[in-house]
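Sequence lines set the chain letters: A, B, ... in the order given, protein chains first and strands last, and positions in each chain run from 1. Treat the numbers as computed from the prediction; the structure is a model and nothing was measured.
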Protein chains: 6
Amino acid sequence: MNVMHNMTRLDFEAHQDAIVVIPVGSTEQHGPHLPLGVDSYIAQGISEILATKANVILAPTLTYGYKSKPLSGGGPLFKGTIDLNAKTLIDLVYDILCEFARDGYNKIFLNNAHFENQAYIEEAMDLATAQFPNLKVVQSNWWDVLDQKTVDEIFSDVKFPGWALEHAAITETSLMMYLKPDLVRTELIPEDVLATALPYSVYPARKEMVPECGVLASPKGSTAEKGKLIVDKAIEGFLKIFDKEFK
Amino acid sequence: MNVMHNMTRLDFEAHQDAIVVIPVGSTEQHGPHLPLGVDSYIAQGISEILATKANVILAPTLTYGYKSKPLSGGGPLFKGTIDLNAKTLIDLVYDILCEFARDGYNKIFLNNAHFENQAYIEEAMDLATAQFPNLKVVQSNWWDVLDQKTVDEIFSDVKFPGWALEHAAITETSLMMYLKPDLVRTELIPEDVLATALPYSVYPARKEMVPECGVLASPKGSTAEKGKLIVDKAIEGFLKIFDKEFK
Amino acid sequence: MNVMHNMTRLDFEAHQDAIVVIPVGSTEQHGPHLPLGVDSYIAQGISEILATKANVILAPTLTYGYKSKPLSGGGPLFKGTIDLNAKTLIDLVYDILCEFARDGYNKIFLNNAHFENQAYIEEAMDLATAQFPNLKVVQSNWWDVLDQKTVDEIFSDVKFPGWALEHAAITETSLMMYLKPDLVRTELIPEDVLATALPYSVYPARKEMVPECGVLASPKGSTAEKGKLIVDKAIEGFLKIFDKEFK
Amino acid sequence: MNVMHNMTRLDFEAHQDAIVVIPVGSTEQHGPHLPLGVDSYIAQGISEILATKANVILAPTLTYGYKSKPLSGGGPLFKGTIDLNAKTLIDLVYDILCEFARDGYNKIFLNNAHFENQAYIEEAMDLATAQFPNLKVVQSNWWDVLDQKTVDEIFSDVKFPGWALEHAAITETSLMMYLKPDLVRTELIPEDVLATALPYSVYPARKEMVPECGVLASPKGSTAEKGKLIVDKAIEGFLKIFDKEFK
Amino acid sequence: MNVMHNMTRLDFEAHQDAIVVIPVGSTEQHGPHLPLGVDSYIAQGISEILATKANVILAPTLTYGYKSKPLSGGGPLFKGTIDLNAKTLIDLVYDILCEFARDGYNKIFLNNAHFENQAYIEEAMDLATAQFPNLKVVQSNWWDVLDQKTVDEIFSDVKFPGWALEHAAITETSLMMYLKPDLVRTELIPEDVLATALPYSVYPARKEMVPECGVLASPKGSTAEKGKLIVDKAIEGFLKIFDKEFK
Amino acid sequence: MNVMHNMTRLDFEAHQDAIVVIPVGSTEQHGPHLPLGVDSYIAQGISEILATKANVILAPTLTYGYKSKPLSGGGPLFKGTIDLNAKTLIDLVYDILCEFARDGYNKIFLNNAHFENQAYIEEAMDLATAQFPNLKVVQSNWWDVLDQKTVDEIFSDVKFPGWALEHAAITETSLMMYLKPDLVRTELIPEDVLATALPYSVYPARKEMVPECGVLASPKGSTAEKGKLIVDKAIEGFLKIFDKEFK
């Protein structure tokens, strides 16, 4: 596995044709049972496996992301959520993409595990590819590549609350049980919790919009097996994208 | 109806307790049969009706929006799509929100009809409310407030392609048939067209990602009645939000 | 008349050689007798007529402009004036100019009706044309193209107070009487008002710098005929500019 | 005279109640007979005299200004014109104003001698005074404070071409003859030159818009006496402003 | 050890009085024998040990830093160096500092291991503490806290080339031998290399300014013992700073 | 000597092959005995002499610089220090460099006399040379070009406190005694003062970090002869750089 920070310059130069994979996470509260690094660990963990299956250079993970929103992450009212402003995230991703392009690495995959990052990442992708015509950048995430059958399987015993509410819930908890089991406090998994998805956003955020525990839907029923299933299917999906876009 | 640009300063001052509604649209290609102003006309048209049902000041429509994306708007490769950069849109909405707050208008509703705007509007909302503690800003759109029953009714005769592909398709065409019938070229409505939703984004955009006609799903089956149904339900949804957030 | 928002993409593509006219207005108090949209209505109204006389595509009006100043607009202390910061306006105009240039529309006319916009519009013009060498952008306004004879005719019965003080005064009131008569509250036209033009600017603005009514010179003597005269002469002037710069 | 750069910190602290005068100039071509520093020399020269007549601290001159325009300065096509972008000038003036305010110096006078600077200076003034409520900033220039009688006197023997064309012409040449006679090449003063003021601006600039010599109206008839008259009247005007705004 | 990304929100809230340590590194070429992650590994490695000796929360490492310079890092002409622009780094650090302050964590230590970061980090510190009066931020690095005796001991057998040239040389190689021995390719350590420190900087960078191997001074003589000595002394120095600034 | 502000455009055009020297200073407290303009006077004074020894155009001095730091300049807590934000300084230098490059002047030397400016100047140099491939920019200062022998000679009678603490101390006082003797208040030179250099930076600044007099090391022993020695050696060093980089 080509972990960029473990490679010397000469190792790096020897992989000019590789796909650069940049995991993008966050530092965000994930309820009482999951650590603040969930999104970063998932982005990086899946990327590491991906790096064993394709000609990949694994770049350092972006561990600070865009602002957590009440109804997809609990929002700014919980401590431990350290967020970037939109312009900062755009510039950060833009600078990194341009630098790889300047070095001649023109196939970049942004593996995002924090939903709120997406629009700002895409602005950076647009601006960087406008600057470097040979550069091609793809952005995806583990949830968008899951097929309906997989989703059904994961939610065979509980109701799927919708992706927005899957924050610190079954999918993320299962992923952590599989990728970082030591960091899951199974004894603290909250039960019978369900936020209500609103058809609007409102600022400033209010405490009562989010369950007190910071989890938006019950993680009960999470298992390492479900985590493995998601990872396998995400890898499968990402490899298909590589085939289509980077061959 | 209190159209802000038709009000004198004294009229405006007399409505200090009103909800300021700002329609947010775009200038974007919408296939061969719909005009470039679709998103702006829909945002403004629904807002005008809304303004007859509540204590509203109708602010001028934002007629330029964030970049059209291939799989939710056709993207930058079609002419007639005039887009703003993310930072520009953030600043534009931020400045306007702050100005209303400085004048003491603290209830603002952003009625967005161009999906791609949302994340950047929300950054502006976050920054402005951080600056003005008394300010409350709500953002919504006509599709998120529709209930499942309404969606089923609209798509009783054709398959729902998902919201991302509902660009220049049944819902927008029906809305224009109801709100601006003269601007719909029914004879040019494309048939048998369906883009494939991809579980990823890729930059730069490529022509072949989008059907040549610029429509992402067939608008066949659009009717003014469906348009009216959507408008009625959207108004209903928005009024509920007003009740909950602005009373 | 080619109103861009009413044109389909195909209509738009069929006018590749047209002059794109972008009206630039504001949202600004204009005394007790004129609505907040005066500058936008005038910019748009004159542009609409212009669009019937030349090969023009009429782009959507910019309805929010630069900060109103005490001695050319009444300033920020009146409610209903919703202003943009300088950098926001520069970016907004810059993005729009670049987008038209990217689509191959290289003849753009900015028809500005809010004096305070000019310097910032010009910065955007400079930056955009530096980026797109084929792009040519012209900026003008209805007052700079009037010849002395016309000014004398308009002010045959009252003294010309200078353009800076012509805010919500005879010229703007007359223009609105001609272009949007329903929006003029003739019964509220203030009399005997005259601000003093200062040979300096001072910040922060102070209430006492501007007459309480928000009008800087008396609009008494305004007529629709004077409005028509201004419009006719402005159109004549703009067409001469088109001839010289865009043929 | 309290020249800030000659004062120690203790001298500076001893003048907490002084008016801080910041001369604002440019680096801009001024024809064959005047040096590139004309605007800076005039702004500074008048400020130095002003500093002998009032309780003033004379801050360092801003010697780089906003972009020269073809019809008020000759524009970017002449070498030796070193211009700042609008945002840079706004930030530069903003930072300086805020720093004086942080030190408790709340009376600031910007003595501008480069017309094109004004709008950007004013944006900085607006932003800085919004940040520091006790701060008061005034901006003026030598031409706006001249009364009609003085203008008539200066142009008793030649026709006044309008202020826009008074670039490197009689007023600036006369001012330099009085303030910096050694820097005027009288033998190179061009004759019979007159640019045509256009009622619009166009970008990019074109060579033929400006007389080849870079002067917009003939400086013939310039004298040190006229220069002294302008300076005396400007000082008089500025002192009146000080009386009104800073007592 | 309190690794922030391993802590739940509740763990984090239980350490409100801790010092937040943010390691700041880079992604930068470090010669043929050291990996691209050297600065990040050193910043993080020392911080981890520090976190076992004081009441510390270890925040995620910043793994992308400011531009590598020819004479302190080899510069942009070597591949594998992925740099941020100054404004991006300022914003990134600013946002993170503000977010911790918003959560009430007011003691922050930035442990920087990439020399070029320092000035930009300090700008962020200045801006963030101006915004949050209770916030205190300290910045240091392992080389500035070493006393002369330690430096002498490390360079007892070779001449000290000065800190600027200690890039991928004895100190960094020794540190990696101690902290990440598996990542050091001892067999590739270049000998007899020495760049010349210049008393100036010049842009653009030129290949010949830097030894072809990308190392600025010979790493010969590096040992894990020297690495341990540096780490021990750095920890000692940092703890003294904590005592003085954060008790 | 070619002082740019004294040159006409034609003079300027006649020196297309000259090295443009831009002195960069500050407005910063320098203790009780030196004026606020020390850094600007030194940068400009040395540059003027340099301009008599080489083919130089002397551009206007930048008289406002980056923020004074407690341990290299006394910091923001002393009045009379008027600082720019990092981004402003970067933009200011960037714009100026680009403008000279646009005019075809591709050899630029930034003679900096305020230590804190350096990193931001270098960012501007990097960005400008990326934009203009023919442009070459060198940055240096009087202290980095001094050889050890000269430093020893200056500090033959007192201990060298390190460059960081040489603020308003022997070197700067001696330089002013040589370059601007009238501005030195020898009777106010503080004795027996010595700040302690800290191996870290901390924000916000605290009064007690800096000696009350604002001087970081005793200027006792300053002489005009030492000032002349520094100037002579700096000129010698700069000319060597010109020879190497600009021939």
Peer 1: Counting only non-hydrogen atoms closer than 4.5 Å, does B:R185 touch chain C with its backbone (N, CA, C, O), its side chain (CB onward), both, or neither?
Peer 2: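 Only the side chain of B:R185 comes within 4.5 Å of chain C.
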
Peer 1: Which heavy atom of C:A59 sits nearest a heavy atom of B:Y64, and at what distance?
Peer 2: CB-OH, 3.6 Å

Peer 1: Is chain C contacted by the side chain of B:Q16, its backbone, both, or neither, given a heavy-atom distance below 4.5 Å?
Peer 2: side chain

Peer 1: In terms of heavy-atom pairs under 4.5 Å, which option from B:L34, B:L10, B:D182, B:L188 contacts chain C the most?
Peer 2: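 Greatest number of close heavy-atom pairs with chain C: B:L34.
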
Peer 1: Could you grab the distance from atom OG1 of B:T27 to atom NE2 of C:H5, nearest 0.5 Å is fine?
Peer 2: 2.5 Å

Peer 1: Between B:G80, B:S40, B:G104, B:G31, which has the largest tally of heavy atom pairs under 4.5 Å with chain C?
Peer 2: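 With the most close heavy-atom pairs to chain C, the winner is B:G80.
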
Peer 1: Counting N and O atoms only, with roles assigned by atom type, does the side chain of B:D91 sit under 3.5 Å from a partner on the main chain of C:T88, one being a donor and the other an acceptor?
Peer 2: no

Peer 1: Report which part of B:Y94 has an atom under 4.5 Å of a heavy atom belonging to chain C: side chain, backbone, both, or neither.
Peer 2: neither

Peer 1: For B:Y105 and C:K79, work out which heavy atoms get closest and say how close.
Peer 2: CE1-CD, 4.4 Å

Peer 1: When heavy-atom pairs shorter than 4.5 Å are enumerated against chain C, which of B:I90, B:N6, B:T63 gives the highest number?
Peer 2: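 Option with the top pair count is B:N6.
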
Peer 1: Sort out for me which of C:V38, C:D11, C:L89, C:I57 touches chain B most, counting heavy-atom pairs under 4.5 Å.
Peer 2: C:D11

Peer 1: Would you name the heavy atoms of C:I82 and B:M4 that are closest together and state the gap between them?
Peer 2: CG1-CE, 3.6 Å

Peer 1: Any idea which of B:D83, B:L183, B:L84, B:L62 has the most non-hydrogen atom pairs under 4.5 angstrom with chain C?
Peer 2: B:D83

Peer 1: Let me know which of B:E28, B:Q29, B:H30 forms a side chain to side chain contact (heavy atoms under 4.5 Å, CB included) with C:R9.
Peer 2: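 Exactly one pass, corresponding to B:Q29.
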
Peer 1: Which of the residues B:G214, B:C213, B:C98 is involved in the greatest number of heavy-atom pairs with chain C at under 4.5 angstrom?
Peer 2: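 Looking at each option in turn, the highest pair count goes to B:C213.
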
Peer 1: Taking C:N85, C:L36, C:T81, C:L77 one by one, which has the highest count of heavy-atom pairs under 4.5 Å against chain B?
Peer 2: C:L36

Peer 1: Do other residues, nucleotides or ligands put more than 12 heavy atoms under 6.0 Å from the CZ atom of C:F115?
Peer 2: no

Peer 1: Do C:H33 and B:T8 get their side chains close enough for a donor-acceptor pair, meaning under 3.5 Å?
Peer 2: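 No, because no side-chain N or O of C:H33 sits under 3.5 Å from a partner of the opposite role on B:T8.
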
